[in-house]
> 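Questions regarding the structure given below will be posed in turn.
Numbers for residues simply follow the sequence, beginning at 1.
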Amino acid sequence: MKNYLFTSESVTEGHPDKVADQISDAVLDEIIAKDKYGRVACEVAVGMGYVIVGGEITTKAWIDVNNLVRNVVRDIGYDKPEYGFDYHTLAIFNAIHGQSPDIARGIRKTATKKQGAGDQGMQTGYACDETQELMPLPIMLAHKLCQQLAEVRKKKILPFLRPDGKSQVTLWYEDSKPKAIQSVVMAAQHDPDVSMKKLREGIIEKVVKPVCKGYLNKKTKFYVNNTGRFVIGGPVADCGATGRKIIVDTYGGMAHVGGGCFSGKDPTKVDRSGAYMSRYVAKNIVASGICSKCEIQIAYAIGGTKPLSINVNTFNSIDKKRFPRLGEERITKVISKVFDLTPGMIIHELNLLRPIYKKTACYGHFGRKEPEFTWEKTDKVKEILKLV
């Protein structure tokens with residue numbers, strides 16, 4: 001299909017599920033900073049006035065879970081009693097226990113060739129040439145809208161905004177290339193005394209237009225707080241849980257996703273490290289000019305040191321003028337020579353034993369320019385082209 005509509009969404013850091021993701025990754029960062037070989041699978045649930053921190057953690061470090069949670073919630077912006085959820089008055093329940101020794105025995109020494117995968121599973125990476133970041137345009141615009149929504153709130157450009165919010169972008173594709181935005185949907189939590197006219201005009205002028213310029217036209221439709229009111233939001237309106245926004249975290253539905261989420265998991269869990277490595281591989285393949293789209297799937301057995309499978313899909317986008325004899329089977333062989341996909345070497349190659357994960361918890365794990373996001377490097381292009 002060459003002409004079609006495609007939609008992706010994102011959420012702000014004040015969304016209940018993202019509150020949970022940020023707490024999970026803040027716990028992980030705190031542990032890795034003190035004990036980089038700690039085992040962490042931290043799950044968080046948030047609701048009206050409470051945060052439950054659970055999961056399996058084995059570490060030599062001690063962390064102050066109570067104050068860590070409050071600091072995360074404060075930094076997000078839940079700092080007033082009238083929000084119904086604020087860092088001063090939260091009830092925090094700590095239900096953490098140790099990792100099962102049956103799982104731990106399969107991992108062995110972290111970041112070495114002997115390290116096994118922390119669980120079974122398949123992970124997917126994707127890249128395409130629609131944006132400078134080599135990401136699908138719909139999800140990149142959706143993320144940038146939510147980032148802008150948070151920025152105008154925190155800088156008090158639109159002082160009536162509250163932390164919760166969502167975005168959604170529908171793009172018209174012509175000949176399989178993004179051409180124009182058909183619609184933008186924004187949901188922004190707000191104070192009760194602001195008029196809908198002021199709120200809608202403010203969001204369109206200060207959020208949507210700065211982000212989406214170049215893709216807007218006279219036919220673009222705007223849906224801002226389409227029910228007419230969004231005062232009650234955040235964990236007061238909806239329970240949140242770690243790992244419930246995996247499409248937001250990855251490629252906005254443009255590609256497959258793996259079997260597990262990312263946040264709260266140390267990099268021995270291939271749900272996380274394998275997904276990062278798959279993105280690294282796919283991005284370098286597309287950056288090399290071999291093809292315009294590439295999806296990589298890898299899979300592991302728990303305790304295994306080598307992937308059970310590597311699957312490459314280029315969506316018939318290989319540049320046959322430059323590479324007339326190249327096919328996906330050959331690309332798979334090149335990947336095996338260029339990239340070490342053993343769990344331990346993924347951690348080593350991407351330098352994952354660092355407290356970098358809270359930054360990933362909002363606005364996507366991929367397509368980011370922060371230096372900590374090592375899986376966004378395109379440093380394997382020359383090696384790939386040499387072998388191709």
Side-chain angles (χ1 to χ4, degrees), residues 7-23 46-51 69-90 138-139 141-170 181 183-213 216 220-241 244-245 248 252 361-364:
T7 301
S8 293
E9 70 164 355
S10 186
V11 297
T12 67
E13 59 212 64
H15 186 281
D17 294 331
K18 281 293 151 200
V19 173
D21 282 343
Q22 287 168 93
I23 294 170
V46 302
M48 187 180 289
Y50 68 83
V51 173
V69 170
R70 295 186 194 281
N71 290 340
V72 171
V73 173
R74 179 200 63 206
D75 292 346
I76 291 169
Y78 287 112
D79 54 4
K80 297 179 182 178
E82 56 263 36
Y83 294 169
F85 181 87
D86 81 284
Y87 79 99
H88 295 287
T89 58
L90 283 176
I139 188 63
L141 289 176
H143 285 324
K144 288 174 182 178
L145 285 168
C146 282
Q147 287 176 302
Q148 183 73 358
L149 195 63
E151 180 137 337
V152 298
R153 170 177 62 87
K154 292 179 176 179
K155 290 183 176 179
K156 300 193 183 302
I157 296 168
L158 299 180
F160 46 78
L161 292 178
R162 292 183 175 186
D164 198 358
K166 300 175 79 171
S167 70
Q168 185 173 288
V169 179
T170 299
I181 293 175
S183 65
V184 177
V185 180
M186 298 295 299
Q189 188 188 12
H190 59 86
D191 291 340
D193 55 353
V194 65
S195 71
M196 285 302 101
K197 184 176 184 295
K198 183 177 180 181
L199 181 137
R200 285 170 176 160
E201 287 178 353
I203 288 175
I204 290 171
E205 292 299 322
K206 300 297 184 182
V207 178
V208 177
K209 287 184 177 179
V211 169
C212 298
K213 59 185 176 182
L216 301 173
T220 303
K221 297 179 181 179
F222 303 104
Y223 301 90
V224 179
N225 285 19
N226 208 40
T227 65
R229 184 177 171 88
F230 185 13
V231 173
I232 301 170
V236 173
D238 293 293
C239 290
R244 283 208 304 213
K245 287 290 177 283
V248 172
C362 287
Y363 313 122

> For the residue pair Arg244 and Cys239, what are the closest heavy atoms and their distance?
NH2-O, 2.6 Å
> Looking at residues at least two apart in the chain, or sitting in another chain, which of them share a side-chain hydrogen bond (donor to acceptor under 3.5 Å, both in side chains) with Thr227?
none
> Show me the donor-acceptor pairs, under 3.5 Å and distance only, between side chains in residues 146-156 and residues at least two apart or in other chains.
residue : atom : partner : partner atom : Å
Gln148  : NE2  : Lys206  : O            : 2.9
Glu151  : OE2  : Lys155  : NZ           : 2.8
Arg153  : NH1  : Ile76   : O            : 3.2
Arg153  : NH2  : Ile76   : O            : 3.0
Lys154  : NZ   : Glu13   : OE2          : 2.4

> Run Leu145 and Cys212 through side chain to side chain contact (heavy atoms under 4.5 Å, CB included) and show every step you take.
CA-CA 8 Å; Leu145 285 168; Cys212 298; 4.0 Å; yes
> Given side chain to side chain contact (heavy atoms under 4.5 Å, CB included), test Ile181 with Val169 step by step and report yes or no.
CA-CA 7 Å; Ile181 293 175; Val169 179; 4.2 Å; yes
> So Tyr78 and Asp164, do their side chains get closer than 4.5 Å, heavy atoms only?
yes
> Do you know which two heavy atoms are closest between Val11 and Lys245, and how far apart they sit?
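Looks like CG1-CE, 4.0 Å.
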> For Ile157, does the CD1 atom have more than 12 heavy-atom neighbours from other residues, nucleotides or ligands under 6.0 Å away?
yes
> Keeping to residues at least two apart or across chains, list the side chain to side chain donor-acceptor pair (under 3.5 Å) pairs with something in residues 190-202.
Arg162-Asp191, Lys197-Glu201
> Please name all residues satisfying side chain to side chain contact (heavy atoms under 4.5 Å, CB included) with Lys221, sequence neighbours left out, ordered by chain then number.
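Counting only residues at least two positions away or on another chain, Lys221 forms a side chain to side chain contact (heavy atoms under 4.5 Å, CB included) with Ser183, Tyr223.
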> Name each donor-acceptor pair under 3.5 Å that joins a side chain in residues 79-87 to protein atoms two or more places apart or in another chain, with its distance.
residue : atom : partner : partner atom : Å
Asp86   : OD1  : Thr89   : OG1          : 2.7
Asp86   : OD2  : His88   : N            : 3.1

> Using the side-chain hydrogen bond (donor to acceptor under 3.5 Å, both in side chains) criterion, which residues pair with Lys166? Sequence neighbours excluded.
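Lys166: no side-chain hydrogen bond (donor to acceptor under 3.5 Å, both in side chains) contacts found.
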> Asp21: which residues meet the side-chain hydrogen bond (donor to acceptor under 3.5 Å, both in side chains) condition with it, sequence neighbours left out?
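Per chain and number, Asp21 pairs via side-chain hydrogen bond (donor to acceptor under 3.5 Å, both in side chains) with Lys18.
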> Quick one, Val248 and Asp17 - any side-chain contact, counting heavy atoms below 4.5 Å?
no
> Which heavy atom of Ala142 sits nearest to which heavy atom of Glu9, and what is that distance?
CB-C, 3.8 Å
> For Asp238, what residues pass the side-chain hydrogen bond (donor to acceptor under 3.5 Å, both in side chains) criterion, not counting sequence neighbours?
none
